[in-house]
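Structure first, commentary second.
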Amino acid sequence: MPKWLDNAIFYEIYPQTFLDTNGDGIGDFQGIIRKLDYIKELGCNAIWLNPCFVSPFSDAGYDVADYYTAAPRYGTNEDLKELFAKAHEKGMHVILDLVPGHTSIEHPWFKASLSPEENEFTHRYIWTDKAWKGFENVGNIKGCIRGLSDRDGSCAANYYTTQPALNYGFYKVTESWQKDMHSPEAMATREAIKDIMRFWLGMGCDGFRVDMAGSLVKNDEDGKGTIELWQDFRKFLDEEFPEAAMISEWGQPDKSLEGGYHMDFLLHFGPSYYMDLFRSEHPYFKRDGKGNIGDFVRTYQANYDKTNGKGLICIPSGDHDMTRIKEKLDDEEVKIAFAFLLSMPGAPFIYYGDEIGMNYLAGIRSVEGGYERTGARSPMQWDKTTNAGFSSAKPEDLYIMIDPDKNRPTVEAQMAEENSLFHEVQKLIRVRLAHEALQSNAPLEFLYAEDNAYPLVYKRNGETETIVIAINPSDREVTCKISAGDGEEILYANHGEAVLKDGTLTVPPASVSFIKIK
């Protein structure tokens with residue numbers, strides 16, 4: 001595994017709405033370059049960029065029309081190359097969002113595949129042999145596209161109907177039009193994606209977050225074919241780019257890590273119980289104390305066990321696909337949530353603006369296929385100037401509207417306030433980076449995590465120290481019995497210090513403590 005991932009703390013940037021430097025209402029690469037010092041000052045040492053390639057943007061760039069060219073609205077390939085270089089100068093790494101499962105219908109590959117005449121790209125996508133035949137009950141296919149050309153057949157779609165699925169073959173072939181995953185046609189797709197990866201890694205990119213990583217091979221119920229596919233990619237990377245990081249949007253660490261990924265995302269959909277933490281009807285980190293951590297911990301522990309103690313499961317504060325963490329929690333509650341995020345194994349991911357408590361804008365008009373997700377993609381709020389310092393464009397020309405709340409948080413105000421959310425996140429990052437026991441690879445053991453109860457207690461075992469993390473989001477003092485030894489030193493505390501003595505842990509209301517064990 002690349003050594004830099006050991007203490008990586010990622011900052012996710014949605015490039016459309018981070019900083020606009022040319023006044024067109026859309027963020028750009030130069031805006032990101034201009035704010036690298038801010039990201040570094042916060043404490044993050046790695047950046048994940050959402051898709052930034054040529055696209056018709058029916059799904060905010062997750063519908064790629066040219067994998068080799070930066071979208072002109074963000075800048076040029078040279079600008080992106082400059083971003084990689086400037087980040088490296090500051091000791092930071094940058095990973096791109098790779099979308100290997102589908103392209104846009106505007107991609108030249110897809111346009112060539114529409115032809116009734118056989119050509120190089122006839123089987124680059126998954127086509128049935130008749131226009132009337134769809135993909136009902138075919139594993140890992142969500143929809144179909146038909147009637148776009150004279151080619152007889154329907155094309156598989158991965159998400160929106162503008163996103164035709166690339167053909168990596170079928171693990172179980174049940175129809176004559178299905179290609180085996182080792183067929184020349186499926187292998188050609190694989191090699192095309194490797195070439196794209198070579199291009200950007202050669203340009204200075206440090207790796208990829210891979211969209212829908214578990215969906216590539218079809219009719220692959222147990223994921224065995226997709227695991228084998230990614231093992232092939234791992235072999236290629238180990239030979240040519242051993243320092244390149246690969247992080248999967250899979251949500252099944254046992255499969256993704258076997259496939260050769262370094263880390264896997266804990267997803268907000270599926271059976272992870274991630275939503276119980278911050279976004280359910282009664283989030284565990286809400287002060288009212290009505291949450292339940294039990295299902296999350298049991299599921300996390302089961303996944304953790306499957307990683308053979310690697311624990312490389314990334315827990316994000318949020319991302320472009322869900323409501324913001326502030327929708328259900330206030331700033332003080334978010335501080336406690338960040339103490340959890342920044343003391344768990346795996347690389348933490350901070351979604352831009354979460355560090356200052358940006359609001360979720362419910363009910364605003366959908367932009368580029370965002371729908372309810374649009375409210376979590378609003379422009380970064382830098383200061384109190386026009387458009388919150390994001391852009392000099394007219395308000396109606398902004399990619400997404402600015403939060404209209406007159407009390408909206410800004411970086412400027414948060415940096416000036418000693419007890420702000422920004423400074424608390426900054427402090428937590430410093431503590432994490434100062435203690436190997438709190439970083440990505442140190443082992444984890446839950447000590448107290450009962451159903452419908454508080455606190456949440458776990459310990460991290462470093463090579464030279466053991467740290468107990470005691471988290472009590474509820475508004476009442478709580479005690480529990482744990483087996484961990486007595487506390488020697490409080491390394492970090494917020495809202496009062498917990499006491500660990502003679503096997504009894506007492507945790508003040510709405511507080512968190514990191515306790516070094518004797």
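The shown structure was predicted, so the numbers you read here are calculated from the model rather than taken from an experiment.
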To the nearest 0.5 angstrom, please state how far the [atom1] atom of [X] sits from the [atom2] atom of [Y].
X      : Y      : atom1 : atom2 : answer
Tyr261 : Met246 : OH    : CE    : 4.0 Å
Glu249 : Phe265 : CD    : CZ    : 8.0 Å
Tyr274 : Tyr300 : OH    : OH    : 13.0 Å
Lys35  : Thr21  : NZ    : OG1   : 11.5 Å
Lys40  : Lys90  : NZ    : NZ    : 6.5 Å

Would you say [X] and [Y] make side-chain contact, with heavy atoms under 4.5 Å?
X      : Y      : value
Glu175 : Phe170 : no
Phe338 : Asp354 : yes
His262 : Pro2   : yes
Ile105 : Leu114 : no
Leu36  : Ile47  : yes
Lys306 : Lys255 : no
Phe110 : Leu148 : yes
Ile39  : Phe18  : yes

Do you see a donor-acceptor pair shorter than 3.5 Å between the side chains of [X] and [Y]?
X      : Y      : value
Ser183 : Asp180 : no
Ser55  : Asp63  : yes
Asn167 : Thr189 : no
Asp264 : Gln252 : no
Tyr125 : Thr103 : yes
Tyr352 : Thr17  : yes
Tyr171 : Glu228 : no
Ser115 : Glu117 : yes

Discussion item. Using ring centroids (six-membered ring only for Trp), state whether Tyr62 and Tyr159 fall under 6.0 Å.
Written reply: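 Ring centres of Tyr62 and Tyr159 not closer than 6.0 Å.
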
Discussion item. If you take the centroid of each ring, where Trp contributes its six-membered ring, are Phe208 and Trp230 closer together than 6.0 Å?
Written reply: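 When the ring centroids of Trp230 and Phe208 are compared, they turn out to be at least 6.0 Å apart.
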
Any donor-acceptor pair under 3.5 Å from [X] side chain to [Y] backbone:
X      : Y      : answer
Asn158 : Ala165 : no
Thr69  : Asp66  : no
Asn359 : Leu361 : no
His435 : Ala437 : no
Ser215 : Asn140 : no
Tyr168 : Pro100 : yes
Trp4   : Glu243 : yes
Arg460 : Gln439 : yes
Asp295 : Tyr273 : no
Glu436 : Ala442 : no

Fill in: Phe199: partners by side chain to side chain contact (heavy atoms under 4.5 Å, CB included), with sequence neighbours left out
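For Phe199, the residues satisfying side chain to side chain contact (heavy atoms under 4.5 Å, CB included) (neighbours in sequence not counted) are Tyr68, Asn77, Met203.
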
Discussion item. I'd like to know whether Tyr74 forms a side-chain contact (heavy atoms from CB on, under 4.5 Å) with Ile26, so could you lay out the CA-CA distance, the side-chain angles of the two residues, the decisive distance to 0.1 Å, and finally the verdict.
Written reply: CA-CA 8 Å; Tyr74 303 136; Ile26 298 176; 4.0 Å; yes

Under-4.0 Å salt bridge between [X] and [Y]:
X      : Y      : answer
Asp232 : Lys194 : yes
Asp211 : Arg209 : yes
Glu106 : Lys111 : yes
Asp238 : Lys235 : no

Worksheet item: Restricting to pairs with a member in residues 142-152, which pass side-chain hydrogen bond (donor to acceptor under 3.5 Å, both in side chains), not counting sequence neighbours?
Response: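 For residues 142-152, and leaving out neighbouring residues, the side-chain hydrogen bond (donor to acceptor under 3.5 Å, both in side chains) pairs sorted by first residue read Arg146-Ser154.
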
Discussion item. Does Glu368 form a salt bridge (charged side-chain N to carboxylate O under 4.0 Å, His left out) with Arg73? I'd like the steps, not just the answer.
Written reply: CA-CA 14 Å; Glu368 293 185 351; Arg73 69 189 199 178; 2.8 Å; yes

Item to complete: Report the C-alpha distance between Asp6 and Ser440 in whole Å, list the side-chain angles of each, state the deciding distance to 0.1 Å, and finish with yes or no for side chain to side chain donor-acceptor pair (under 3.5 Å).
Response: CA-CA 5 Å; Asp6 289 352; Ser440 293; over 6 Å; no

Discussion item. Using side-chain contact (heavy atoms from CB on, under 4.5 Å), reason through Asn219 and Val173 one step at a time and then give a plain yes or no.
Written reply: CA-CA 8 Å; Asn219 272 352; Val173 175; over 6 Å; no

Worksheet item: With His320, which of Arg377, Arg373, Glu12 fulfils side-chain hydrogen bond (donor to acceptor under 3.5 Å, both in side chains)?
Response: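 Considering Arg377, Arg373, Glu12, a side-chain hydrogen bond (donor to acceptor under 3.5 Å, both in side chains) with His320 is found only for Glu12.
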
What are the two closest heavy atoms between [X] and [Y], and how far apart are they?
X      : Y      : answer
Val54  : Ala70  : CG2-O, 3.7 Å
Tyr371 : Gly369 : CD1-O, 3.3 Å
Lys172 : Gln178 : O-OE1, 3.6 Å
Phe390 : Gly27  : CZ-N, 3.8 Å
Ile325 : Arg279 : N-NH2, 3.2 Å

Fill in: Check against side-chain contact (heavy atoms from CB on, under 4.5 Å), Ile32 and Leu49
CA-CA 10 Å; Ile32 298 169; Leu49 285 185; 3.5 Å; yes

Practice prompt. Using salt bridge (charged side-chain N to carboxylate O under 4.0 Å, His left out) as the criterion, list what pairs up with Glu450, not counting sequence neighbours.
Written response: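 Scan of Glu450 (salt bridge (charged side-chain N to carboxylate O under 4.0 Å, His left out), adjacent residues dropped) gives none.
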
Worksheet item: Which is it for Phe296 and Tyr284 under the ring pair (Phe, Tyr, Trp, His ring centres under 6.0 Å) test, yes or no, and what are the steps along the way?
Response: CA-CA 10 Å; Phe296 169 83; Tyr284 184 76; 9.1 Å; no

Item to complete: Take Leu166 and Arg124, measure what side-chain contact (heavy atoms from CB on, under 4.5 Å) needs, and give me the verdict at the end.
Response: CA-CA 6 Å; Leu166 286 165; Arg124 182 55 52 89; 3.8 Å; yes

Discussion item. For a side chain to side chain donor-acceptor pair (under 3.5 Å) check, start with the C-alpha distance between Ser343 and Tyr458, then their side-chain angles and the critical distance, and finish with the verdict.
Written reply: CA-CA 10 Å; Ser343 60; Tyr458 48 96; 2.6 Å; yes

